[in-house]
K.L.:
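Quick one: this structure, given as structure tokens, is what I'll be asking you about.
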Amino acid sequence: MDAVIEIVDRDGHCRETHKVRAWPLRIGRSPDCDLVLADPHLAGAHALLHWDDAGTDAAPAASGPVLELLPSHNGGWLDGDRIAAGSRAAWPSSALLRWRRSACSASSSSAVGPAPRPPSRT
């Protein structure tokens, strides 16, 4: 399943869009990660994002992205709920994942329309 991760600013506006082409997606500061975020509060490899077709303990009837926070000093917040390092949680499309200086949203790529075209210069 293809998905899109949007990096959002403090006001909730999309700064960057990343298409997930392979699962799991590794997120962190390290250049070895699939999604590299320049946030000094993230570990080199901070999280894994999995696609779960069968659902999880957190959402057994639903399929979709599942966030796994890897061991680190900082965990994260999913729609304001603290997620400790080393734990897993279903990531619904309406939820905002926040770290200290970074925030992301996730959705299936079919739910996101094409990127807007820049204005033409004539």
Side-chain angles (χ1 to χ4, degrees):
M1 169 60 77
D2 285 340
V4 173
I5 304 293
E6 292 182 336
I7 310 303
V8 297
D9 62 19
R10 290 182 184 192
D11 297 322
H13 299 110
C14 180
R15 266 191 0 216
E16 300 173 34
T17 302
H18 299 273
K19 187 168 185 178
V20 179
R21 299 182 189 279
W23 300 97
L25 177 81
R26 193 163 44 151
I27 304 169
R29 283 185 329 197
S30 171
D32 293 334
C33 288
D34 303 304
L35 178 57
V36 178
L37 299 174
D39 185 334
H41 298 283
L42 292 179
H46 197 87
L48 287 175
L49 186 61
H50 306 271
W51 186 266
D52 186 4
D53 285 322
T56 66
D57 291 339
S63 63
V66 174
L67 180 70
E68 176 185 356
L69 292 181
L70 301 173
S72 69
H73 293 291
N74 303 315
W77 292 264
L78 190 58
D79 259 4
D81 294 328
R82 177 85 168 124
I83 302 173
S87 62
R88 293 172 63 112
W91 187 358
S93 61
S94 61
L96 186 66
L97 173 64
R98 187 172 297 282
W99 289 292
R100 297 284 180 164
R101 293 189 181 169
S102 303
C104 306
S105 65
S107 63
S108 69
S109 59
S110 61
V112 177
R117 293 183 181 202
S120 60
R121 295 183 179 187
T122 55

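Note: hydrogens, waters and symmetry copies are ignored here, and every other heavy atom, side chains too, is used.
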K.L.:
Once you round to the nearest 0.5 Å, how far does CG of L42 lie from CD1 of I27?
P.N.:
9.0 Å

K.L.:
Can you list every side chain to side chain donor-acceptor pair (under 3.5 Å) pair that touches residues 27-48, not counting sequence neighbours?
P.N.:
D39-S102, H46-W99

K.L.:
Are the side chain of D52 and the backbone of G64 linked by a donor-acceptor contact shorter than 3.5 Å?
P.N.:
no

K.L.:
More than 12 foreign heavy atoms under 6.0 Å from CZ of R21: is that the case here?
P.N.:
no

K.L.:
Check for me, please, whether W51 and L78 land in the same ILVMFWY cluster - side-chain distances under 4.5 Å, paths through other members count.
P.N.:
yes

K.L.:
Closest approach of A90 and P92, non-hydrogen atoms and distance?
P.N.:
O-CD, 3.2 Å

K.L.:
Of all heavy-atom pairs between C33 and R26, which one has the smallest distance, and what is that distance?
P.N.:
CB-O, 3.4 Å

K.L.:
How far apart are the closest heavy atoms of L48 and P24, and which atoms are they?
P.N.:
CD2-CB, 4.4 Å

K.L.:
If you compare all heavy atoms of I7 against all heavy atoms of C104, which two are closest, and at what distance to 0.1 Å?
P.N.:
CD1-SG, 3.5 Å

K.L.:
Compare every heavy atom of A85 with every heavy atom of L70, then report the nearest pair and how far apart it is.
P.N.:
O-CB, 3.6 Å

K.L.:
Minimum heavy-atom separation for L69 and A47, please, with both atom names.
P.N.:
CD2-CB, 3.7 Å

K.L.:
With a 4.5 Å cut-off on side-chain heavy-atom distances among I, L, V, M, F, W and Y, is there a chain of contacts connecting V20 to V8?
P.N.:
no

K.L.:
Only one of L96, I5, I83 forms a side chain to side chain contact (heavy atoms under 4.5 Å, CB included) with W91, so which one is it?
P.N.:
I5

K.L.:
Would you give the length of the straight line joining atom NE2 of H18 to atom CD of E6, rounded to the nearest 0.5 angstrom?
P.N.:
10.0 Å

